[in-house]
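Take a look at the structure below.
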Amino acid sequence: AQNAFMWFANAKRPLMREEHPSASVGDIGKLLGEAWRNMDEGARAEWNDKATADKERYERELAAFKAEHGETRAEKMKKERAAE
């Protein structure tokens, strides 16, 4: 699941590239971070809603996977390390 900033960044990155064609990948990231920091909570609401919906989708899919296959590989490895 993606967090709100990642939803925002993925949606706005093409626009930032158009506005700043000579900017490096790192510069685009800095511009996106600055835009995010300067955004008020009202403007962030759309992205927070997308992140919440994505997290709910992830949790549903994970529960379905666990119901069919049992624990995940990461959970198995964690148990094995704890047992050592």
With F5 via ring-ring contact (aromatic ring centres under 6.0 Å, His included) - residues at least two apart: W36
Let me confirm one number: the CH2-CD distance from W47 to Q2, rounded to the nearest 0.5 Å. 11.0 Å
Going by ring pair (Phe, Tyr, Trp, His ring centres under 6.0 Å), name the pairs with one or both residues in residues 12-34, residues two or more places apart or in two chains. none
Closest non-hydrogen contact found for A51 with A4 is CB-N, 3.4 Å
Contact summary for F8 and L32, nearest pair of heavy atoms: CE2-O, 3.6 Å
How is the hydrophobic cluster of M77 composed, in terms of its other members, when Ile, Leu, Val, Met, Phe, Trp and Tyr link through side-chain heavy atoms under 4.5 Å apart, directly or indirectly? none
Side-chain polar contacts of residues 64-72 - donor-acceptor pairs under 3.5 angstrom, sequence neighbours left out - could you list them?
residue : atom : partner : partner atom : Å
K66     : NZ   : E75     : OE2          : 2.7
E71     : OE1  : K79     : NZ           : 2.8
T72     : OG1  : E75     : N            : 3.2
T72     : OG1  : E75     : OE1          : 3.4

Which distance, rounded to the nearest 0.5 Å, do you find between the NZ of K50 and the CG of N3? 14.0 Å
Taking side chain to side chain contact (heavy atoms under 4.5 Å, CB included) as the test, write out the residues that go with A43, two or more places apart. M39, D40
Taking side chain to side chain donor-acceptor pair (under 3.5 Å) as the definition, give me every residue that meets it alongside S24, ordered by chain and number, with sequence neighbours left out. D27
Tracing side-chain contacts under 4.5 Å among Ile, Leu, Val, Met, Phe, Trp and Tyr outward from V25 reaches none
Partners of E19 by side chain to side chain donor-acceptor pair (under 3.5 Å), sequence neighbours excluded? none
Salt bridge (Lys or Arg N to Asp or Glu O under 4.0 Å) partners for E41, two or more places apart: R44
Side chain to side chain contact (heavy atoms under 4.5 Å, CB included) filter on A45, not counting sequence neighbours, yields none
By side chain to side chain donor-acceptor pair (under 3.5 Å) - contacts of E61 (at least two apart): R57
Please enumerate all residues that pass side chain to side chain contact (heavy atoms under 4.5 Å, CB included) together with R17, with sequence neighbours excluded. R13, I28
